[in-house]
Number of protein chains: 2
Amino acid sequence: MFSKSCEYAIKATIYIAVQSNQGNRVGLKDIAREIASPEAFTAKILQQLSRNHIIDSVKGPNGGFQIDKKEMTRIKLSQIVSAIDGDAIFKGCGLGFKECSEKKPCPVHDKFKVIRNELKTMLENTSVQELSLGLANGLTFLHR
Amino acid sequence: MFSKSCEYAIKATIYIAVQSNQGNRVGLKDIAREIASPEAFTAKILQQLSRNHIIDSVKGPNGGFQIDKKEMTRIKLSQIVSAIDGDAIFKGCGLGFKECSEKKPCPVHDKFKVIRNELKTMLENTSVQELSLGLANGLTFLHR
DNA sequence: AAATTAAAGGATAATTTTGTCCTTTAATAT
DNA sequence: ATATTAAAGGACAAAATTATCCTTTAATTT
Ligand code: FES
Ligand code: FES
């Protein structure tokens, strides 16, 4: 469904959100440990998120990553997915046509687009804030 | 969403179904041309489908691939996807946990499982027969 | 039986994704 | 100012996916 990069991106963002809510800026090591991801690889993904203004980064001592509190409710899962995986999952053809079209639909088009749109809607309506609550309350987890 | 292999597998199966309905057995070259896929790679996928009893294969002159007419309504998209990509898409965690669980859910679990189940249901209820009709009637296409 | 046809299967290669290592840049602390 | 800290970035490596080539097996035709 999502690439490994995207999975890490989502987990990292949620973890940073929880910590930011508690006023903590978090470093790479901390994040990678918490979401059980390879450190150097995670660094690349955090860079991408930062470039896409999904998270903020600060260099130097006591540096690290954070998310602006008021931005947190505005950032949706769809933005993270777009930033890392692109928009193929929202608009792409289920059978790999260059683009999905009503004019020349693939055999699964009618059935696939329904699911794809539901996924799109879900991702567009799910905020990082919202997901961070479940984690902060111990109802959800970032690793096993 | 699906792997390239799986996309080819679905397209190939539908094409074979249409041809089988018209009493034609079809060869690799024919299939690969029709679904615009690399020939040798497609051969591997057809082997997998054959081993999983989704299609039948016949060697030698006038050999090729076919699908039993009465089997065609029973074969669902889910079987093709399972055979090629496994069942991660039906049961897997959206954030890559080894397995999805209610006990220790990831942050997107509640929202993700809804979509995943809808996808599962759609795939389980969509027959190859059904999809082959749209193609035979010129309403859908296997390439552009 | 021999030649021909077409799928099955093994080995190998290209590409993409995932992951690592090391240097550079920018911020803070001494 | 200098040293230290931590992210940014470049180069490289491993693994998985996608793709190709060639040989073998099994069926049909001559
Ligand atoms: S054309 Fe394939 S999903 Fe729309
Ligand atoms: S635990 Fe992640 S989707 Fe269920």
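Residue numbers start from 1 in every chain, and the chains themselves are labelled A, B, ... in the order their sequence lines are given, proteins ahead of strands.
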Fill in: Residue Lys4(A), side-chain heavy atoms: nucleotide from dT18(C), dA8(C), dG9(C) that is nearest
dT18(C)

Discussion item. Show, in sequence, the C-alpha distance, side-chain angles and deciding distance for Tyr15(B) and Asp30(B), and conclude whether the side chain to side chain contact (heavy atoms under 4.5 Å, CB included) test is met.
Written reply: CA-CA 10 Å; Tyr15(B) 177 63; Asp30(B) 197 0; 3.1 Å; yes

Fill in: Hydrophobic cluster membership, Leu77(A) vs Leu133(A), 4.5 Å side-chain cutoff
no

Discussion item. Just N and O in the side chain of Tyr8(B): are any of them under 4.0 Å from OP1 or OP2 of dT18(D)?
Written reply: no

Worksheet, complete the sentence: Result for 5'-nearest mapping on DNA chain D, choosing between Ser50(A) and Ala40(B), is Ser50(A)

Worksheet item: Considering only dT4(C), dT18(C), dT20(D), which nucleotide approaches the side chain of Pro61(B) most closely?
Response: dT4(C)

Discussion item. Side chain to side chain contact (heavy atoms under 4.5 Å, CB included), that's the test. Do Gln48(A) and Ile84(A) meet it? Break it down for me.
Written reply: CA-CA 7 Å; Gln48(A) 288 187 71; Ile84(A) 307 294; 3.9 Å; yes

Fill in: Separation between OG1 of Thr126(A) and CG of Asp110(B), rounded to the nearest 0.5 Å
10.5 Å

Item to complete: Give the rounded distance in Å between these two atoms: NZ of Lys44(B) and P of dA7(C).
Response: 13 Å

Discussion item. Tell me the interatomic distance from Gln47(A), atom CD, to dG10(D), atom P, rounded to whole angstroms.
Written reply: 9 Å

Practice prompt. Please work out which residues in residues 11-38 of chain B have a non-hydrogen atom less than 4.0 Å from an atom of DNA chain C and list them by number.
Written response: Gly27(B), Leu28(B)

Worksheet item: Roughly how many Å is it from CD in Glu39(A) to P in dA8(D), rounded to a whole number?
Response: 13 Å

Item to complete: Could you please name the option among dA26(C), dT18(C), dA26(D) that lies closest to any side-chain atom of Lys59(B)?
Response: dA26(D)

Discussion item. Do Ile45(B) and Phe97(A) sit in one hydrophobic cluster, given that two such residues count as connected whenever their side-chain heavy atoms are within less than 4.5 Å of each other, even indirectly?
Written reply: no

Discussion item. Rounding to an integer number of Å, can you tell me how far Asn62(B) CG sits from dT5(C) P?
Written reply: 11 Å

Practice prompt. Rounded to the nearest angstrom, tell me the gap between atom CG in Asp56(B) and atom C1' in dA27(D).
Written response: 15 Å

Fill in: Options dG19(C), dA7(D), dA8(C), nucleotide nearest the side-chain atoms of Ser57(A)
dA7(D)

Worksheet entry | side chain to side chain contact (heavy atoms under 4.5 Å, CB included) between Leu119(B) and Met1(B), worked out | CA-CA 11 Å; Leu119(B) 176 63; Met1(B) 181 75 72; 4.0 Å; yes

Discussion item. Taking the minimum atom-to-atom distance to the side chain of Ser3(A), which one of dT18(C), dT25(D), dA8(D) wins?
Written reply: dT18(C)

Response to the item:
Between CD1 of Ile84(A) and P of dT16(C) the distance, given in whole Å, is 19 Å

Practice prompt. To the nearest Å, give me how far apart CG (Asp85(B)) and P (dA16(D)) are.
Written response: 16 Å

Worksheet item: Would Lys91(A) and Glu99(A) count as a side chain to side chain contact (heavy atoms under 4.5 Å, CB included) if you check the C-alpha gap in whole Å, the side-chain angles of each, and the deciding distance to 0.1 Å?
Response: CA-CA 8 Å; Lys91(A) 331 189 315 180; Glu99(A) 81 266 331; over 6 Å; no

Worksheet item: Expressed in angstrom and rounded to an integer, what is the separation of Phe65(B) atom CZ from dA6(C) atom P?
Response: 12 Å

